[in-house]
Amino acid sequence: MQDEQSLIRRAQQHDEMALTQIYEENFDRIYRYIVLKIGDRTEAEDMTQQVFLNVIKSISSYKWQGMPFSSWLYRIAHNQIVDFLRKKSKRPTVPIDETVTAVGDDPERDALGRIQIEEVAIAAKRLTSAQQEVISLRFAAELSVAEVARAMGKSEGAVKALQHSAIVALRKVLSPGAVL
Amino acid sequence: MKKMNDFENILDECLQRLLVGESIESCLSRYPQHASELEPLLRTAQDTMKAADIKPRPEFRDLARRRFQAAVREVPRREKHGFFVLLRPSLATVAIIAIVLLAGGGVVAAAGNSLPGSPLYPVKLATESVRLALTPSDLGKAELNAVFADERVDEIVRLAQNGDAVLIEQTTNHMNENLIAVANLAGNAKSASGEAYFDTAFAPSAMAPAPTSTPTATPSPTTTIAVPSPTPSPGQTTTTVPTVTSPPPDGGLFGEASPVQEGVADRNGAGASEDDAQAELRETVLRQYYENLQALREQLEQAPPSLKPALEYAIAVAEEAYARALDDLFY
């Protein structure tokens with residue numbers, strides 16, 4: 001924790017190495033978090049890039065409050081997603097659901113027996129927003145339950161309960177024959 | 001209830017093991033009495049983890065890294081643009097005092113009415129920087145930035161009347177920076193008072209509700225209303241902004257009080273004045289959202305064709321930036 005505080009202090013002074021370290025340690029996880037939330041890899045690339053540009057702009061206003069620094073990064077990503085969804089709701093676009101083959105209709109996927117990220121993203125839309133957040137933070141960002149709890153302002157017990165109910169819901173939606 | 005909690009703990013332990021590479025079978029062997037219930041959930045979780053285990057394209061990763069590093073290197077150069085920005089707050093204060101002493105307080109007062117592009121405008125911005133530097137709290141800085149954003153909109157309106165498209169765009173960007181600062185500082189102030197970093201009211205399902213029927217939990221109701229734009233025009237969309245009342249019932253999913261609610265209860269005593277200040281800021285920004293968009297749209301209607309793109313840009317940026325600030329203030 002001390003190391004992280006020192007890293008952040010250096011980053012706040014625009015130390016290039018510190019900022020690069022923050023970038024390298026978090027880039028993939030932030031990307032996965034965004035893809036899982038929006039189900040669109042191309043958009044997620046742009047948004048991930050923007051998250052880190054926003055970090056450079058805003059890091060001087062960051063204040064250490066005992067939360068992991070990653071919580072702040074995910075908050076920026078979360079706001080970016082909110083902006084994206086708001087803009088998306090204003091302009092006519094092809095819904096994500098229509099760009100991705102539904103479960104059970106893709107021979108290649110069936111042959112590989114693998115679920116694609118876009119399918120999970122669509123399935124996740126059936127979850128409550130809190131369940132989605134837990135799944136994204138746990139499985140894409142790979143935060144611990146304790147970290148998710150702090151980031152969401154919930155107890156660890158509540159996060160575990162959300163995690164359980166989210167997996168039950170995902171199972172129903174992702175099971176063969178389910179219509180997305 | 002205890003049985004359910006035990007199962008959730010076991011499930012979480014197994015998920016953690018899967019995340020570090022342990023097999024499902026290994027987890028099941030630890031809890032044979034729960035194996036039949038655990039196995040399907042672990043398989044779904046493992047599929048989800050595998051699906052989420054994607055990497056950005058290498059060419060995108062390289063490009064993004066180069067852009068990031070270029071942006072990092074650009075930061076010190078950007079700060080050199082303004083004389084007063086370069087100064088530390090204390091030095092900037094001294095510089096402003098020196099200007100007042102040398103040229104008289106009338107200069108600062110006159111600068112208050114100046115427009116972008118005028119010789120006194122840098123004094124106006126420097127005065128704002130000093131006011132920010134002398135304000136210790138994040139909430140106070142957020143309030144000031146809201147005032148400055150309001151001032152930028154006033155400047156845009158006056159620049160539109162003068163017919164200066166380039167300065168309208170520059171001032172729009174400045175307004176956006178003020179409103180980003182409102183959002184960030186409001187977020188800091190809220191987390192300092194114990195509120196969560198995340199709120200789920202604007203998460204995807206709330207933005208674009210999916211078909212319902214989640215099996216085990218009731219979706220938490222959100223407290224948003226669709227607020228029509230000040231002067232709706234044909235085909236114009238509405239922007240969703242939060243209501244002033246009814247904070248989202250965080251924790252209502254499971255009938256437990258969340259830390260957010262507990263924090264609010266704790267602040268009802270000593271911290272009440274801070275809550276009042278936050279509520280006042282919310283109302284101020286919400287009022288500005290209505291009034292400023294109204295004012296900008298009125299200018300757009302009257303503007304000559306050469307000014308319309310700049311004003312449309314100002315309206316789009318103001319809509320987004322105010323909505324972002326309101327997100328952070330309300331949630």
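Below, read A as the first sequence line, B as the second, and so on, with proteins coming before strands; counting in each chain starts at 1.
Residue Tyr31(A) touches chain B through its side chain alone, counting heavy-atom pairs closer than 4.5 Å. Proximity to chain A (any heavy atom under 4.5 Å) is restricted, for Phe60(B), to the side chain, taken from C-beta onward. Within the 4.5 angstrom heavy-atom criterion, only side-chain atoms of Glu142(A), from C-beta onward, approach chain B.
Closest non-hydrogen pair, Ala52(B) versus Arg32(A), comes out as O-CD, 2.6 Å. Heavy-atom minimum distance, Ile167(A) versus Leu41(B): CG2-O, 3.4 Å.
Here Thr48(A) contributes atom OG1 and Arg61(B) contributes atom CZ; the two are 10.5 Å apart, rounded to the nearest 0.5 Å. To the nearest 0.5 Å, the span separating CD on Glu119(A) from CG on Asp47(B) amounts to 10.0 Å. Taking CD of Glu24(A) as the start and CZ of Arg65(B) as the end, the distance is 4.0 Å to the nearest 0.5 Å. Atom CD of residue Glu320(B) and atom CG of residue Asp83(A) lie 5.5 Å apart, to the nearest 0.5 angstrom. To the nearest 0.5 Å, the span separating CD1 on Ile117(A) from CD1 on Ile54(B) amounts to 4.5 Å. Note: Leu174(A) CG to Arg43(B) CZ = 15.0 Å, rounded to the nearest 0.5 Å.
Using a 4.5 Å cut-off on side-chain heavy atoms (C-beta onward), Leu63(B) and Glu45(A) make no contact.
Remark: Glu59(B) engages Arg57(B) in a side chain to side chain donor-acceptor pair (under 3.5 Å) (not counting sequence neighbours). In terms of the ring pair (Phe, Tyr, Trp, His ring centres under 6.0 Å) criterion, residue partners of Phe69(A) (sequence neighbours excluded) are, by chain and number, Tyr62(A), Trp72(A).
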For Phe139(A) and Asp53(B): C-alpha separation, side-chain torsions, deciding distance, then whether side chain to side chain contact (heavy atoms under 4.5 Å, CB included) applies. CA-CA 8 Å; Phe139(A) 297 164; Asp53(B) 186 21; over 6 Å; no
Decide yes or no on side chain to side chain contact (heavy atoms under 4.5 Å, CB included) for Phe68(B) and Gln49(A), but give the supporting numbers first. CA-CA 8 Å; Phe68(B) 178 78; Gln49(A) 201 166 199; over 6 Å; no
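Of the N and O atoms on the side chains of Arg138(A) and Gln16(B), at least one donor lies less than 3.5 Å from an acceptor on the other residue.
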